[in-house]
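Everything below concerns the one structure shown next.
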Amino acid sequence: MQITAKILDAVKQSTQCLVVACFEGSKLSAAASAINAADAKQLETLLKREKFDGKVGQSLLLLNPQGIAAERLLVIGFGGHDKEGSISSDNFRKALQKVPDALKATHCSDLSIILGDISVSGKDAEWQARQTVEILIASQHRADSLKSKPAEPSFVLKKVTLGFTKASTASAAKGIAIGQAIAKGVDLARELGNLPGNICTPTYLASEAKRLARGQTHLSVKVLEEKAMKELGMGSLLSVSAGSDQPAKLIVMEYKGGNKKDAPIALVGKGITFDTGGISLKPGAGMDEMKYDMCGAASVLGTFKTLVELQPAMNVVGIIAASENMPNGSATKPGDIVTSMAGLTIEVLNTDAEGRLVLCDALTYTERFKPKAVIDIATLTGACVVALGNHASGLFSNNEDLAQAILKAGQTANDRAWQMPLWDDYQKQLDSNFADIANIGGPAGGSITAACFLSRFTKNVAWAHLDIAGTAWLSGAAKGATGRPVPLLVQYLLDNQ
Ligand code: BES
Ligand code: MN
Ligand code: ZN
(Lines give C-alpha, C1' and ligand atoms only; values in the text may rest on other atoms or scores of the structure.)
(Ligands and ions follow the chains in the order given, each with its own letter.)
Protein backbone atom coordinates (compact mmCIF):
# COMPACT_ATOMS: atom_id res chain seq x y z
CA MET A 1 0.00 0.00 0.00
CA GLN A 2 1.41 3.34 -1.05
CA ILE A 3 0.59 6.10 1.42
CA THR A 4 1.47 9.79 1.05
CA ALA A 5 0.63 13.13 2.70
CA LYS A 6 -0.23 16.08 0.44
CA ILE A 7 -2.24 19.25 0.18
CA LEU A 8 -5.53 18.17 -1.41
CA ASP A 9 -8.27 20.14 -3.13
CA ALA A 10 -11.55 18.46 -2.17
CA VAL A 11 -13.29 19.49 -5.38
CA LYS A 12 -10.50 18.69 -7.82
CA GLN A 13 -8.95 15.57 -6.27
CA SER A 14 -9.47 12.70 -8.65
CA THR A 15 -9.65 9.52 -6.60
CA GLN A 16 -11.86 6.46 -6.30
CA CYS A 17 -13.12 7.67 -2.95
CA LEU A 18 -12.77 10.97 -1.15
CA VAL A 19 -13.35 11.04 2.60
CA VAL A 20 -14.41 14.27 4.34
CA ALA A 21 -15.54 15.13 7.85
CA CYS A 22 -18.73 16.45 9.32
CA PHE A 23 -19.04 17.42 12.99
CA GLU A 24 -21.95 17.15 15.39
CA GLY A 25 -24.75 19.61 14.72
CA SER A 26 -24.29 19.08 10.95
CA LYS A 27 -21.19 21.29 10.92
CA LEU A 28 -19.41 20.64 7.66
CA SER A 29 -15.62 20.60 7.62
CA ALA A 30 -13.87 23.02 5.27
CA ALA A 31 -13.54 20.27 2.65
CA ALA A 32 -17.18 19.21 2.98
CA SER A 33 -18.26 22.86 2.69
CA ALA A 34 -16.28 23.29 -0.52
CA ILE A 35 -17.95 20.19 -1.96
CA ASN A 36 -21.35 21.43 -0.85
CA ALA A 37 -20.73 24.77 -2.58
CA ALA A 38 -19.56 23.06 -5.77
CA ASP A 39 -22.91 21.34 -6.24
CA ALA A 40 -25.65 23.78 -5.29
CA LYS A 41 -25.75 22.61 -1.67
CA GLN A 42 -26.76 19.08 -2.68
CA LEU A 43 -24.59 17.61 0.08
CA GLU A 44 -26.51 19.48 2.79
CA THR A 45 -29.80 18.23 1.37
CA LEU A 46 -28.61 14.62 1.21
CA LEU A 47 -27.22 14.66 4.74
CA LYS A 48 -30.47 16.12 6.06
CA ARG A 49 -32.49 13.50 4.21
CA GLU A 50 -30.47 10.71 5.87
CA LYS A 51 -30.66 12.42 9.27
CA PHE A 52 -26.87 12.58 9.25
CA ASP A 53 -25.88 15.23 11.78
CA GLY A 54 -22.19 14.44 12.31
CA LYS A 55 -22.40 12.23 15.39
CA VAL A 56 -19.36 10.06 15.82
CA GLY A 57 -19.79 6.73 14.06
CA GLN A 58 -22.11 8.02 11.35
CA SER A 59 -21.05 7.51 7.76
CA LEU A 60 -22.67 8.18 4.44
CA LEU A 61 -21.28 6.83 1.19
CA LEU A 62 -22.37 8.68 -1.97
CA LEU A 63 -21.71 6.96 -5.26
CA ASN A 64 -21.13 9.15 -8.29
CA PRO A 65 -21.23 12.52 -6.49
CA GLN A 66 -21.78 15.60 -8.66
CA GLY A 67 -19.58 18.67 -8.95
CA ILE A 68 -16.36 16.99 -7.79
CA ALA A 69 -13.70 14.84 -9.44
CA ALA A 70 -13.91 11.91 -6.99
CA GLU A 71 -15.82 8.77 -7.99
CA ARG A 72 -17.26 8.29 -4.52
CA LEU A 73 -17.71 10.58 -1.55
CA LEU A 74 -17.65 9.25 1.98
CA VAL A 75 -18.82 11.62 4.71
CA ILE A 76 -17.82 10.61 8.22
CA GLY A 77 -19.23 11.93 11.49
CA PHE A 78 -16.47 12.96 13.91
CA GLY A 79 -18.69 14.06 16.83
CA GLY A 80 -18.69 17.28 18.81
CA HIS A 81 -16.12 20.08 19.01
CA ASP A 82 -14.76 21.51 22.23
CA LYS A 83 -14.41 25.26 22.77
CA GLU A 84 -11.21 25.35 20.70
CA GLY A 85 -12.87 23.55 17.79
CA SER A 86 -11.11 20.25 18.50
CA ILE A 87 -12.54 16.76 18.69
CA SER A 88 -11.40 14.07 21.14
CA SER A 89 -8.73 11.55 20.18
CA ASP A 90 -11.16 8.71 20.95
CA ASN A 91 -13.70 10.15 18.53
CA PHE A 92 -11.03 10.58 15.87
CA ARG A 93 -10.19 6.89 16.00
CA LYS A 94 -13.82 5.77 16.24
CA ALA A 95 -14.68 7.86 13.19
CA LEU A 96 -11.68 6.72 11.15
CA GLN A 97 -12.59 3.09 11.86
CA LYS A 98 -15.81 3.77 9.93
CA VAL A 99 -13.85 4.38 6.72
CA PRO A 100 -12.90 0.72 6.08
CA ASP A 101 -16.26 -0.39 7.52
CA ALA A 102 -18.11 1.73 4.96
CA LEU A 103 -15.91 0.65 2.05
CA LYS A 104 -15.78 -3.09 2.79
CA ALA A 105 -18.28 -3.97 0.08
CA THR A 106 -16.88 -1.58 -2.56
CA HIS A 107 -14.11 -2.17 -5.06
CA CYS A 108 -12.27 0.96 -4.06
CA SER A 109 -8.48 0.62 -4.10
CA ASP A 110 -7.49 4.29 -4.17
CA LEU A 111 -8.54 6.44 -1.26
CA SER A 112 -8.05 10.11 -0.38
CA ILE A 113 -8.83 11.34 3.11
CA ILE A 114 -8.85 15.02 4.05
CA LEU A 115 -7.54 15.29 7.59
CA GLY A 116 -6.03 18.78 7.55
CA ASP A 117 -9.33 20.43 8.54
CA ILE A 118 -9.82 18.18 11.58
CA SER A 119 -8.22 19.32 14.81
CA VAL A 120 -7.74 16.68 17.52
CA SER A 121 -7.37 17.83 21.09
CA GLY A 122 -3.75 17.50 22.28
CA LYS A 123 -2.61 15.70 19.12
CA ASP A 124 -0.68 16.81 16.06
CA ALA A 125 -0.66 15.85 12.38
CA GLU A 126 1.92 13.14 13.04
CA TRP A 127 -0.42 11.41 15.48
CA GLN A 128 -3.41 11.78 13.14
CA ALA A 129 -1.54 10.33 10.18
CA ARG A 130 -0.13 7.49 12.24
CA GLN A 131 -3.48 6.47 13.69
CA THR A 132 -5.11 6.64 10.26
CA VAL A 133 -2.44 4.46 8.71
CA GLU A 134 -2.64 1.91 11.54
CA ILE A 135 -6.43 1.65 11.16
CA LEU A 136 -6.35 1.37 7.37
CA ILE A 137 -3.61 -1.26 7.25
CA ALA A 138 -5.26 -3.28 10.04
CA SER A 139 -8.48 -3.27 7.99
CA GLN A 140 -6.66 -5.11 5.21
CA HIS A 141 -5.58 -7.98 7.45
CA ARG A 142 -6.72 -11.39 6.20
CA ALA A 143 -7.02 -14.46 8.42
CA ASP A 144 -7.96 -16.95 5.70
CA SER A 145 -4.55 -18.10 4.49
CA LEU A 146 -5.37 -21.67 5.54
CA LYS A 147 -8.66 -21.86 3.67
CA SER A 148 -8.37 -23.92 0.51
CA LYS A 149 -10.18 -21.23 -1.48
CA PRO A 150 -9.81 -17.87 0.25
CA ALA A 151 -12.65 -15.50 -0.77
CA GLU A 152 -11.71 -12.86 -3.32
CA PRO A 153 -11.64 -9.63 -1.27
CA SER A 154 -13.32 -6.58 -2.82
CA PHE A 155 -11.83 -3.73 -0.80
CA VAL A 156 -8.08 -3.95 -1.41
CA LEU A 157 -6.31 -0.66 -0.78
CA LYS A 158 -3.37 0.11 -3.06
CA LYS A 159 -3.04 3.85 -2.78
CA VAL A 160 -3.93 6.20 0.06
CA THR A 161 -3.48 9.97 -0.01
CA LEU A 162 -3.88 11.92 3.20
CA GLY A 163 -4.76 15.59 2.81
CA PHE A 164 -2.99 17.97 5.18
CA THR A 165 -2.15 21.67 5.34
CA LYS A 166 1.19 22.87 3.98
CA ALA A 167 2.50 23.42 7.50
CA SER A 168 1.74 19.90 8.62
CA THR A 169 2.61 17.63 5.68
CA ALA A 170 6.17 16.99 6.90
CA SER A 171 4.94 15.97 10.34
CA ALA A 172 2.23 13.83 8.74
CA ALA A 173 4.82 12.08 6.57
CA LYS A 174 6.70 11.10 9.71
CA GLY A 175 3.47 9.75 11.19
CA ILE A 176 2.87 7.71 8.05
CA ALA A 177 6.31 6.09 8.30
CA ILE A 178 5.89 5.20 11.97
CA GLY A 179 2.31 4.07 11.42
CA GLN A 180 3.34 1.76 8.58
CA ALA A 181 6.12 0.24 10.68
CA ILE A 182 3.81 -0.33 13.67
CA ALA A 183 1.11 -1.76 11.41
CA LYS A 184 3.59 -4.29 10.03
CA GLY A 185 4.51 -5.34 13.56
CA VAL A 186 0.84 -5.61 14.55
CA ASP A 187 0.15 -7.59 11.40
CA LEU A 188 2.90 -10.10 12.18
CA ALA A 189 1.69 -10.50 15.77
CA ARG A 190 -1.88 -11.13 14.52
CA GLU A 191 -0.76 -13.60 11.90
CA LEU A 192 1.34 -15.63 14.35
CA GLY A 193 -1.39 -15.47 17.00
CA ASN A 194 -4.02 -16.82 14.64
CA LEU A 195 -1.89 -19.74 13.45
CA PRO A 196 -3.02 -23.05 14.96
CA GLY A 197 -0.92 -24.94 17.48
CA ASN A 198 -0.09 -27.71 15.04
CA ILE A 199 1.68 -25.21 12.79
CA CYS A 200 2.91 -22.58 15.20
CA THR A 201 5.09 -24.71 17.48
CA PRO A 202 8.09 -23.49 19.51
CA THR A 203 10.26 -24.56 16.56
CA TYR A 204 8.10 -22.45 14.22
CA LEU A 205 8.47 -19.37 16.46
CA ALA A 206 12.23 -19.88 16.49
CA SER A 207 12.38 -20.00 12.70
CA GLU A 208 10.19 -16.88 12.47
CA ALA A 209 12.67 -15.04 14.69
CA LYS A 210 15.57 -16.18 12.51
CA ARG A 211 13.66 -15.13 9.41
CA LEU A 212 13.24 -11.63 10.86
CA ALA A 213 16.98 -11.33 11.38
CA ARG A 214 17.94 -12.51 7.90
CA GLY A 215 19.90 -9.83 6.05
CA GLN A 216 19.72 -7.44 9.02
CA THR A 217 22.85 -5.74 10.31
CA HIS A 218 21.40 -4.62 13.66
CA LEU A 219 19.44 -7.75 14.55
CA SER A 220 20.86 -11.11 15.59
CA VAL A 221 18.98 -14.17 16.81
CA LYS A 222 20.11 -17.24 18.65
CA VAL A 223 18.03 -20.16 19.84
CA LEU A 224 18.79 -22.19 22.95
CA GLU A 225 17.75 -25.84 22.76
CA GLU A 226 16.57 -27.93 25.72
CA LYS A 227 20.07 -29.30 26.29
CA ALA A 228 21.50 -25.80 26.73
CA MET A 229 18.61 -24.83 28.97
CA LYS A 230 19.22 -27.86 31.12
CA GLU A 231 22.87 -26.87 31.50
CA LEU A 232 21.76 -23.40 32.58
CA GLY A 233 19.55 -25.00 35.24
CA MET A 234 16.21 -23.96 33.78
CA GLY A 235 14.32 -26.70 35.61
CA SER A 236 11.19 -24.61 35.84
CA LEU A 237 10.89 -23.90 32.12
CA LEU A 238 11.73 -27.49 31.23
CA SER A 239 9.09 -28.81 33.64
CA VAL A 240 6.50 -27.28 31.30
CA SER A 241 7.86 -28.84 28.10
CA ALA A 242 8.38 -32.19 29.84
CA GLY A 243 4.90 -33.37 28.85
CA SER A 244 5.18 -32.42 25.20
CA ASP A 245 6.67 -34.11 22.14
CA GLN A 246 7.65 -30.68 20.81
CA PRO A 247 10.95 -29.40 22.22
CA ALA A 248 11.00 -26.06 24.06
CA LYS A 249 13.05 -23.19 22.62
CA LEU A 250 14.48 -20.12 24.27
CA ILE A 251 14.68 -17.50 21.56
CA VAL A 252 17.15 -14.67 22.10
CA MET A 253 16.93 -11.61 19.84
CA GLU A 254 19.31 -8.69 20.06
CA TYR A 255 18.63 -5.44 18.25
CA LYS A 256 21.71 -3.22 18.44
CA GLY A 257 20.94 0.14 16.87
CA GLY A 258 22.43 2.24 19.67
CA ASN A 259 25.82 2.71 21.28
CA LYS A 260 27.63 -0.42 22.39
CA LYS A 261 27.72 0.85 25.96
CA ASP A 262 24.02 1.70 26.22
CA ALA A 263 22.11 -0.73 28.40
CA PRO A 264 19.27 -2.39 26.47
CA ILE A 265 15.59 -2.58 27.26
CA ALA A 266 14.51 -6.22 27.47
CA LEU A 267 11.16 -7.62 26.30
CA VAL A 268 10.32 -11.12 27.52
CA GLY A 269 7.42 -12.95 25.91
CA LYS A 270 5.38 -15.95 27.03
CA GLY A 271 5.33 -18.33 24.08
CA ILE A 272 3.11 -21.26 25.05
CA THR A 273 2.11 -22.38 21.56
CA PHE A 274 -0.71 -24.45 23.02
CA ASP A 275 -1.88 -24.60 26.63
CA THR A 276 -3.93 -27.70 27.45
CA GLY A 277 -3.31 -27.08 31.15
CA GLY A 278 -1.10 -30.17 31.26
CA ILE A 279 -2.10 -32.78 33.86
CA SER A 280 -4.30 -30.08 35.44
CA LEU A 281 -6.20 -30.34 32.17
CA LYS A 282 -8.40 -27.46 31.10
CA PRO A 283 -12.10 -28.03 30.37
CA GLY A 284 -12.86 -28.67 26.70
CA ALA A 285 -15.10 -25.73 25.84
CA GLY A 286 -13.20 -23.00 24.04
CA MET A 287 -9.86 -24.73 24.52
CA ASP A 288 -8.94 -23.95 20.90
CA GLU A 289 -8.32 -20.38 22.07
CA MET A 290 -5.29 -21.57 23.99
CA LYS A 291 -3.44 -21.45 20.66
CA TYR A 292 -3.30 -17.74 21.54
CA ASP A 293 -1.18 -18.47 24.61
CA MET A 294 1.88 -17.38 22.62
CA CYS A 295 0.60 -13.86 21.98
CA GLY A 296 3.17 -12.38 24.37
CA ALA A 297 5.87 -13.96 22.20
CA ALA A 298 4.07 -12.74 19.08
CA SER A 299 4.08 -9.19 20.45
CA VAL A 300 7.85 -9.36 20.97
CA LEU A 301 8.35 -10.61 17.41
CA GLY A 302 5.96 -7.92 16.13
CA THR A 303 7.83 -5.21 18.03
CA PHE A 304 11.13 -6.43 16.56
CA LYS A 305 9.55 -6.33 13.11
CA THR A 306 8.76 -2.66 13.72
CA LEU A 307 12.30 -2.02 15.02
CA VAL A 308 13.75 -3.54 11.86
CA GLU A 309 11.51 -1.23 9.80
CA LEU A 310 12.35 1.94 11.74
CA GLN A 311 16.00 1.17 12.64
CA PRO A 312 15.95 3.42 15.74
CA ALA A 313 19.20 4.21 17.57
CA MET A 314 18.69 2.05 20.65
CA ASN A 315 19.42 -1.39 22.00
CA VAL A 316 16.63 -3.89 22.65
CA VAL A 317 16.79 -7.51 23.74
CA GLY A 318 13.88 -9.87 23.06
CA ILE A 319 13.61 -13.17 24.90
CA ILE A 320 10.91 -15.69 24.09
CA ALA A 321 10.18 -18.69 26.27
CA ALA A 322 8.53 -21.07 23.83
CA SER A 323 6.95 -24.37 24.81
CA GLU A 324 3.77 -26.39 24.57
CA ASN A 325 1.90 -27.34 27.75
CA MET A 326 0.81 -30.93 27.18
CA PRO A 327 -0.06 -33.91 29.41
CA ASN A 328 1.93 -36.92 28.14
CA GLY A 329 3.46 -39.64 30.35
CA SER A 330 6.53 -37.56 31.15
CA ALA A 331 4.47 -34.53 32.14
CA THR A 332 4.99 -32.67 35.37
CA LYS A 333 2.39 -33.64 38.00
CA PRO A 334 0.69 -31.50 40.65
CA GLY A 335 2.89 -31.57 43.72
CA ASP A 336 6.12 -31.98 41.76
CA ILE A 337 8.92 -29.73 42.93
CA VAL A 338 11.31 -28.23 40.40
CA THR A 339 14.36 -25.99 40.70
CA SER A 340 14.48 -22.74 38.76
CA MET A 341 17.60 -21.21 37.20
CA ALA A 342 17.62 -18.65 40.03
CA GLY A 343 17.91 -21.54 42.52
CA LEU A 344 14.44 -21.11 44.02
CA THR A 345 12.54 -24.38 44.32
CA ILE A 346 8.93 -24.33 43.11
CA GLU A 347 6.05 -26.59 44.11
CA VAL A 348 3.93 -27.04 40.99
CA LEU A 349 0.49 -27.26 42.58
CA ASN A 350 -1.26 -26.67 39.26
CA THR A 351 0.37 -27.47 35.94
CA ASP A 352 -2.00 -25.00 34.26
CA ALA A 353 -0.12 -22.14 35.91
CA GLU A 354 2.68 -22.79 33.43
CA GLY A 355 3.26 -19.28 32.07
CA ARG A 356 5.01 -18.11 35.21
CA LEU A 357 7.09 -21.31 35.20
CA VAL A 358 8.58 -20.60 31.78
CA LEU A 359 8.83 -16.85 32.39
CA CYS A 360 10.74 -17.07 35.67
CA ASP A 361 13.67 -18.82 33.99
CA ALA A 362 13.52 -16.52 30.97
CA LEU A 363 13.59 -13.51 33.34
CA THR A 364 16.60 -14.90 35.20
CA TYR A 365 18.37 -15.47 31.88
CA THR A 366 17.63 -11.85 30.91
CA GLU A 367 19.81 -10.58 33.78
CA ARG A 368 22.97 -11.32 31.77
CA PHE A 369 22.16 -8.47 29.37
CA LYS A 370 22.18 -5.98 32.29
CA PRO A 371 19.02 -4.30 30.95
CA LYS A 372 17.94 -0.88 32.19
CA ALA A 373 14.34 -2.13 32.19
CA VAL A 374 12.60 -5.46 31.64
CA ILE A 375 9.03 -5.83 30.44
CA ASP A 376 7.46 -9.25 30.24
CA ILE A 377 4.34 -9.76 28.14
CA ALA A 378 2.10 -12.74 28.82
CA THR A 379 -1.39 -14.15 28.41
CA LEU A 380 -0.93 -15.11 32.03
CA THR A 381 -4.26 -15.35 33.84
CA GLY A 382 -7.95 -15.76 33.21
CA ALA A 383 -8.34 -13.64 36.36
CA CYS A 384 -6.97 -10.64 34.49
CA VAL A 385 -9.79 -10.97 31.95
CA VAL A 386 -12.29 -11.02 34.83
CA ALA A 387 -10.70 -7.89 36.32
CA LEU A 388 -10.18 -5.73 33.24
CA GLY A 389 -12.14 -7.32 30.41
CA ASN A 390 -10.88 -6.87 26.86
CA HIS A 391 -9.96 -3.20 26.89
CA ALA A 392 -6.91 -2.77 29.10
CA SER A 393 -3.87 -4.95 29.63
CA GLY A 394 -2.99 -5.49 33.29
CA LEU A 395 0.21 -3.72 34.34
CA PHE A 396 2.30 -4.69 37.37
CA SER A 397 5.66 -3.17 38.22
CA ASN A 398 8.30 -2.92 40.93
CA ASN A 399 9.28 0.54 39.63
CA GLU A 400 6.84 3.44 39.57
CA ASP A 401 8.69 5.47 36.90
CA LEU A 402 8.64 2.48 34.57
CA ALA A 403 4.94 1.87 35.29
CA GLN A 404 4.08 5.51 34.52
CA ALA A 405 6.09 5.45 31.28
CA ILE A 406 4.26 2.32 30.13
CA LEU A 407 0.84 3.74 31.03
CA LYS A 408 1.65 6.91 29.09
CA ALA A 409 2.86 4.93 26.07
CA GLY A 410 -0.38 2.96 26.11
CA GLN A 411 -2.38 6.21 26.12
CA THR A 412 -0.44 7.69 23.22
CA ALA A 413 -0.59 4.52 21.16
CA ASN A 414 -4.25 3.87 21.98
CA ASP A 415 -3.25 0.51 23.41
CA ARG A 416 -3.96 1.07 27.04
CA ALA A 417 -2.82 -0.68 30.18
CA TRP A 418 -4.15 -0.29 33.72
CA GLN A 419 -1.96 -0.60 36.78
CA MET A 420 -2.74 -3.27 39.36
CA PRO A 421 -1.25 -3.58 42.86
CA LEU A 422 1.84 -5.60 43.60
CA TRP A 423 1.78 -5.16 47.36
CA ASP A 424 3.67 -7.43 49.72
CA ASP A 425 0.33 -8.34 51.33
CA TYR A 426 -0.32 -10.73 48.46
CA GLN A 427 3.04 -12.48 48.54
CA LYS A 428 2.25 -14.90 51.34
CA GLN A 429 -0.43 -16.57 49.21
CA LEU A 430 2.49 -18.21 47.41
CA ASP A 431 3.87 -19.93 50.54
CA SER A 432 4.53 -23.65 50.19
CA ASN A 433 5.07 -26.23 52.93
CA PHE A 434 7.62 -28.09 50.85
CA ALA A 435 9.38 -25.69 48.48
CA ASP A 436 10.53 -22.05 48.44
CA ILE A 437 7.43 -20.97 46.58
CA ALA A 438 4.19 -22.44 45.19
CA ASN A 439 3.18 -21.75 41.60
CA ILE A 440 -0.40 -20.75 42.50
CA GLY A 441 -1.80 -18.46 45.15
CA GLY A 442 -5.43 -19.54 45.37
CA PRO A 443 -8.51 -18.05 43.71
CA ALA A 444 -8.29 -14.57 45.28
CA GLY A 445 -6.43 -11.96 43.23
CA GLY A 446 -5.21 -14.50 40.69
CA SER A 447 -3.56 -12.06 38.31
CA ILE A 448 -1.83 -10.32 41.23
CA THR A 449 -0.39 -13.49 42.75
CA ALA A 450 0.82 -14.53 39.29
CA ALA A 451 2.67 -11.20 39.08
CA CYS A 452 3.95 -11.71 42.65
CA PHE A 453 5.43 -15.02 41.53
CA LEU A 454 7.34 -13.26 38.72
CA SER A 455 8.45 -10.49 41.09
CA ARG A 456 10.48 -13.05 43.05
CA PHE A 457 12.71 -13.41 40.00
CA THR A 458 13.12 -9.74 39.11
CA LYS A 459 14.26 -8.19 42.37
CA ASN A 460 17.43 -6.62 40.93
CA VAL A 461 16.01 -4.78 37.97
CA ALA A 462 13.31 -2.24 37.00
CA TRP A 463 10.66 -4.66 35.84
CA ALA A 464 7.10 -4.52 34.58
CA HIS A 465 4.68 -7.28 33.67
CA LEU A 466 1.86 -6.91 31.16
CA ASP A 467 -0.93 -9.46 31.50
CA ILE A 468 -2.50 -9.44 28.04
CA ALA A 469 -4.92 -12.36 28.57
CA GLY A 470 -7.88 -10.06 27.83
CA THR A 471 -6.40 -7.87 25.10
CA ALA A 472 -4.34 -10.15 22.83
CA TRP A 473 -7.31 -11.68 21.04
CA LEU A 474 -11.06 -11.37 20.59
CA SER A 475 -13.52 -14.26 20.95
CA GLY A 476 -16.90 -14.95 19.37
CA ALA A 477 -17.77 -13.93 15.84
CA ALA A 478 -14.79 -11.57 15.68
CA LYS A 479 -12.39 -14.28 16.90
CA GLY A 480 -8.85 -13.28 16.05
CA ALA A 481 -5.60 -11.90 17.39
CA THR A 482 -5.46 -8.12 17.92
CA GLY A 483 -1.71 -7.58 17.68
CA ARG A 484 -1.75 -5.88 21.07
CA PRO A 485 0.38 -4.69 22.81
CA VAL A 486 2.76 -4.04 19.89
CA PRO A 487 1.68 -0.36 19.61
CA LEU A 488 2.25 0.18 23.34
CA LEU A 489 5.66 -1.52 23.32
CA VAL A 490 6.89 0.38 20.27
CA GLN A 491 5.69 3.65 21.77
CA TYR A 492 7.46 2.91 25.04
CA LEU A 493 10.69 2.15 23.18
CA LEU A 494 10.47 5.26 21.00
CA ASP A 495 9.73 7.42 24.07
CA ASN A 496 12.90 6.09 25.70
CA GLN A 497 15.16 6.47 22.71
N1 BES B 1 -2.95 -19.23 29.50
C2 BES B 1 -3.68 -19.29 30.69
C3 BES B 1 -4.36 -17.98 31.04
C4 BES B 1 -5.58 -17.65 30.24
C5 BES B 1 -6.76 -18.33 30.46
C6 BES B 1 -5.56 -16.60 29.36
C7 BES B 1 -7.89 -17.99 29.74
C8 BES B 1 -6.69 -16.25 28.66
C9 BES B 1 -7.85 -16.94 28.85
C10 BES B 1 -2.75 -19.64 31.86
O11 BES B 1 -1.70 -20.47 31.56
C12 BES B 1 -3.59 -20.33 32.86
O13 BES B 1 -4.05 -21.41 32.58
N14 BES B 1 -3.76 -19.71 34.02
C15 BES B 1 -4.58 -20.26 35.05
C16 BES B 1 -3.88 -20.02 36.35
C17 BES B 1 -4.47 -20.78 37.51
C18 BES B 1 -4.27 -22.26 37.34
C19 BES B 1 -3.84 -20.29 38.77
C20 BES B 1 -5.92 -19.54 35.00
O21 BES B 1 -5.96 -18.36 34.73
O22 BES B 1 -6.93 -20.21 35.22
MN1 MN C 1 -2.25 -22.53 31.70
ZN1 ZN D 1 -1.06 -20.46 29.64
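We number each residue from 1, following the sequence as shown. All ligand and atom numbering here is 1-based and tracks the order in the structure.
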For K270, atoms of ligand 1 separated by under 4.0 Å from a heavy atom: 1 (N), 10 (C), 11 (O)
G382 N/O under 3.5 Å from ligand 1 N/O: yes
Non-hydrogen protein atom less than 4.0 angstrom from atom 13 (O) of ligand 1: yes
D361-S340 side chain donor-acceptor pair, cut-off 3.5 Å: no
Closest to atom 8 (C) of ligand 1 among W473, F274, Y292, F453 (heavy-atom distance): W473
K256/E254 ion pair, N-O < 4.0 Å: yes
Salt-bridge criterion met for E231 and K227 (N-O under 4.0 Å): yes
D275, N/O/S atom nearest the Mn ion (ligand 2): OD2
Proximal heteroatom of D275 relative to the Zn ion (ligand 3) (N/O/S): OD2
The Mn ion (ligand 2) to nearest N/O/S of E354 below 2.8 Å: yes
Any donor-acceptor N or O pair under 3.5 Å, side chains N439, N350: no
Atoms of ligand 1 close to D293 [distance to a heavy atom under 4.0 angstrom, numbered from 1]: 1 (N), 11 (O)
Under 3.5 Å side-chain donor-acceptor pair for T379 and D293: yes
T381 N/O under 3.5 Å from ligand 1 N/O: no
Test of ring centre spacing under 6.0 Å for F92 and W127: yes
Check: E354 N/O within less than 3.5 Å of ligand 1 N/O: yes
Check against side chain to side chain contact (heavy atoms under 4.5 Å, CB included), K333 and T351: CA-CA 7 Å; K333 304 165 291 299; T351 64; 5.8 Å; no
Pick from M294, R356, E289, M290: the one approaching atom 9 (C) of ligand 1 most closely through a non-hydrogen atom: M290
I406 versus A464, closest heavy-atom pair with distance: CD1-CB, 3.5 Å
Residues Y292 and N194: side-chain donor-acceptor under 3.5 angstrom: yes
Angle subtended at the Zn ion (ligand 3) by OE2 of E354 and OD2 of D293, nearest 10°: 100°
Electrostatic pair R130:E126 at N-O distance under 4.0 angstrom: no
Ligand 1 contact on L380 by region, counting heavy-atom pairs under 4.0 Å: backbone
Atom 6 (C) of ligand 1 - nearest protein heavy atom and its distance: A469 CB, 3.6 Å
Pair S241, E226: side-chain N/O donor-acceptor within cut-off below 3.5 Å: yes
The Zn ion (ligand 3) contact by A353, N, O or S atom under 2.8 Å: no
Residue N350 vicinity, atoms of ligand 1 by number, heavy atom under 4.0 Å: 18 (C)
Check ion pair K372-D262 (N to O, under 4.0 angstrom): no
Residue and atom name of the nearest protein heavy atom (relative to atom 15 (C) of ligand 1), distance in Å to one decimal: D352 O, 4.0 Å
Taking atom 2 (C) of ligand 1 as the reference point, the nearest protein heavy atom with its distance: D275 OD2, 3.6 Å
Numbering as shown, the atoms of ligand 1 that approach I440 to under 4.0 Å (heavy-atom distance): 19 (C)
